[in-house]
Amino acid sequence: MSNAYDLLRSSARDLIAATGIAPAASIQLAEPKQRELADLAFAVFPIAKELGQPAPDVAARIVDAIETSGTVFRSVEAAGGFVNFKVDTGALATQLYADIAAAPDAFGHDASLGAGQTIIVEYSSPNIAKKLHVGSLRTTVIGHSLYKIHKALGYNVIGDNHLGDWGTQFGYLLAAIEDSPTPPWEDAEPVAAMMKMYAEFYQASEEDPDKKTRARAWFRKLEEGDVWARSIWQKLVDISMTEFDTIYKRLGISFDTTLGESWFEPMLGPLVDDAIAKGVATIEESGAVSVHFDDKYPSCLLRKTDGATLYQTRDAATCIHRWNTYAPTRNVYVVGAEQRLHFQQVFEFVRRMGYTEIADCSVHVKFGMVTGANGERFKTRKGNVIFADEILDEAVRRATEKIMEQVVTGRSEVSQPDDIERVAETIGLGAVIYFDLHQGPERNIAFDWEKILAFDGNTGVYLQYMYARCCNIVRKAGGVPENDDSSVLTTDDERALVVQLSRITGAVRDAGARYAPSAIANWTFELAKDFARFYDRCPVLGADDPAVRDARVKLCDAVATGIKSGLSLLGISAPDRM
RNA sequence: CCGCCCGUAGCUCAGUGGAUUAGAGCGUUGGCCUCCGAAGCCAAAGGUCACAGGUUCGAAUCCUGUCGGGCGGACCA
């Protein structure tokens, strides 16, 4: 499959190789930081060293031997030890438009990379009976983007929502419900009510050992299949899922499989026995079962003294189950960085159990925690947690306000209440999602309403705004012209747009290789900035030459496709007017 | 005490196969709506890339050490 990105690189490589000065294998091409210098550059230093000649001389000789006419390049120059290529806007645009025409909804995708391979992305994975909060939003949004990025790379992707639906906490909740005159599902905010009941009962149990005993007993009954416990538990799961699904639907997210931890319960006993039989795990004097990793990692526990299993046990069972079911080439977990050791232990345990393939391809995509504005941790007990629905609602509320302001000053392209509501939703959610994705995932983020809901600068809104402007131009032009000739595009601003558009393939591959949606965000932001500058300096509809006008309209349409494609990979939608 | 992550402009961050003059957003200062949407554009000020060594013709980038911040270190998840 050819595309503008690969064409550019293979052309440059072929031209350089044809000079006979540098062997094809040694030709590494780079995108210079200063865009005025070149669109694509070759640093000759390594081969100059091999030849024992000064780098500037080698670069000059290569440039002298290259003829760019008839290629996608307009010029090639030697500068120091660099061979600097500049593209021919018209030639590259022709390839770009062919790429877009071939697959308008898949611009920048490269299905060859992951063809025939399955990848699992575990993300969101909320706890039942707890509301989605800022942290849940991060894994959900990052995971969804990684899901889409890998689809774009041709993988068969399985999105897995691994629910936290099992554990001692349900014993507490069952005991609390037993005591309470009104069940949580009769509350207007049922999941919030569950959290409250749990927290209160847990706190009370700290002083009342009897409550603790009852809670443990209820969890044991749940495990044993007690009818009441089981039915109440199912109700908690169903009600929580209903609330979660509302948010997922809002964000445009769905999962291919939603197996909770409870689903793996039957596999845990046999797994622990197998681990002991294989000598991977050992039975301690206390009766607990543990795994020792020598000096590599601290030891971990598979089974407690009281016979109950742990998080590690369940994740190991899940991992093995995935291998047996899907035989994936990648098994990705989008989970907070604080669980790093946990996953190292799980993967190592699974490896020692003989499942080396899944152990080798399992990846923990770690993201930093969201802290309060002052850097302190959010704690449910402290009551300073911010919930996902609050954030989304507030974002949409502010977007509505902003649109109304634009309507009043006559700068909005929407005015009907239905349209305003729809666009505000798109803008508000876009702002929140983009904020979570625009920087590398590993950093901690201090939560700040003003930043998360900012509408200026490097924000989702900026990208949506530029998209809407592109659409507006194409709309006013009466559509994309049938016949266009991009050779009339001669300004640096136009060339910058075409070059940036061609780089989407690299951004998508990089995002997949590094599990970094931010690579897509950065590419899209650069494209939008290039467009803003072009918009300001190059009249489209008012161009003097009709040929230039047509070519620019066509270019605007391509930019719209590019921004939309980038946003889509982030899980953000783009309104064609706002 | 041990392990991992982070340290780049006042703030938040890009830059991760070493390579042309270290970039962006916010904030600050100044300019731009009789011209396709000012949620925008242009310009200016602002950095010893935490610090110290080392490798290299060349280091924000690789190695070692130090300091500072965060996270983790079996019967929670």
Side-chain angles (χ1 to χ4, degrees), chain A residues 28 30 32-34 36-38 41 43-46 48-49 54-55 79-82 84 127 164 167-169 261 284 286-292 295-306 308-312 314-315 335-342 344-345 366 368-369 371 375 377 399 402-403 405-406 409-413 427 438-440 442-446 448 450-451 454-459 461-462 464-466 468-470 472-477 510 514 516 518-519 521-522 525-526 529 532-533 535-543 549 552-553 556 577-578:
Chain A
Q28 304 291 331
K33 291 173 212 151
Q34 281 85 26
E36 316 81 57
L37 297 169
V44 305
F45 302 101
K49 189 175 187 178
F82 292 88
N84 287 337
N127 289 321
T168 330
Q169 70 267 30
E261 293 184 348
E284 307 292 326
S286 63
V289 178
S290 64
V291 183
H292 299 287
D295 290 336
K296 197 166 184 180
Y297 307 120
S299 306
C300 73
L301 231 41
L302 291 183
R303 193 160 66 198
K304 299 196 279 187
T305 310
D306 69 5
T309 55
L310 292 100
Y311 183 36
Q312 265 92 353
R314 292 192 278 270
D315 258 346
V335 179
E338 69 274 9
Q339 293 191 38
R340 178 191 193 94
L341 177 60
H342 163 75
Q344 287 176 326
Q345 290 170 329
K366 303 167 276 286
M369 59 175 58
T371 64
R377 290 180 78 156
K402 181 69 182 178
I403 295 170
E405 195 183 306
Q406 298 294 102
T409 54
R411 281 185 174 133
S412 180
E413 286 279 325
I427 290 174
H438 84 287
Q439 58 192 51
E442 206 131 332
R443 285 173 183 275
N444 291 348
I445 293 182
D448 182 342
E450 299 312 314
K451 277 190 179 136
F455 290 162
D456 304 321
N458 189 1
T459 62
V461 183
Y462 180 87
Q464 290 168 329
Y465 182 53
M466 291 308 154
R469 279 174 149 187
C470 289
N472 211 19
I473 288 178
V474 175
R475 202 162 41 228
K476 286 185 176 170
D510 188 38
R514 294 195 296 134
S518 59
N522 291 340
F525 179 56
E526 290 303 322
K529 262 200 303 186
R533 178 184 283 247
Y535 182 91
D536 207 58
R537 304 211 279 213
C538 305
V540 178
L541 301 178
R549 178 193 136 111
R552 284 180 176 169
V553 171
C556 288
R577 54 181 96 206
M578 60 191 268

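The sequence lines fix the lettering, A, B, ..., with proteins before strands; numbering per chain opens at 1. Computed from a prediction, not measured in an experiment: that's the story for all the values here.
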Selection from B:C36, B:A77, B:G72 that lies nearest to any side-chain heavy atom of A:Y535: B:C36
A:Y462 vs B:C41: side-chain N/O to OP1/OP2 distance below 4.0 Å: yes
A:M578 CE to B:G37 C1', straight-line distance once rounded to whole Å: 10 Å
Phosphate OP1/OP2 of B:A39 contacted by A:Q406 side-chain N/O (<4.0 Å): yes
Protein-nucleotide distance (A:H438, atom NE2; B:G15, atom C1'), rounded to Å: 14 Å
Any N/O donor-acceptor pair, A:Q28 side-chain to B:G17 base, under 3.5 Å: yes
Sugar-phosphate, base or nothing in reach of A:C470, heavy atoms under 4.0 Å: nothing
Short side-chain N/O contact from A:R443 to OP1 or OP2 of B:A14, under 4.0 Å: yes
Base B:U20 paired with A:N84 side chain (donor-acceptor, <3.5 Å): yes
Under-4.0 Å side-chain N/O to phosphate OP1/OP2 contact, A:N472 with B:C36: no
side-chain hydrogen bond (donor to acceptor under 3.5 Å, both in side chains) partners of A:R411, counting only residues at least two apart: none
Rounded distance in Å - CZ (A:F525) to P (B:A39): 16 Å
Aromatic stack A:Y465/B:G37: centroid gap under 5.5 Å, interplanar angle under 30°: no
Phosphate-side-chain proximity, A:R514 and B:G15, N/O vs OP1/OP2 below 4.0 Å: yes
Rounded distance in Å between the P positions of B:C11 and B:G47: 12 Å
Between P of B:C75 and CG of A:L302, the distance in whole Å: 13 Å
Watson-Crick or G-U stems involving RNA chain B, each at least 3 pairs long, distances under 3.5 Å, ordered by first number: B:1-7 with B:67-73, B:10-13 with B:23-26, B:28-32 with B:40-44, B:50-54 with B:62-66
Test item: side-chain donor near acceptor, A:N458 and A:H438, under 3.5 Å: no
C1' spacing across the pair B:A22 / B:G58, given as an integer number of angstrom: 15 Å
Phosphate OP1/OP2 of B:C42 contacted by A:R537 side-chain N/O (<4.0 Å): no
Contact under 4.0 Å: A:R533 side-chain N or O vs B:C42 OP1/OP2: yes
Phosphate OP1/OP2 of B:G72: any A:R377 side-chain N/O under 4.0 Å: yes
Min side-chain heavy-atom separation A:C556-A:R469 under 4.5 Å: no
N-glycosidic conformation, B:C33 - syn within 90 degrees of 0, else anti: syn
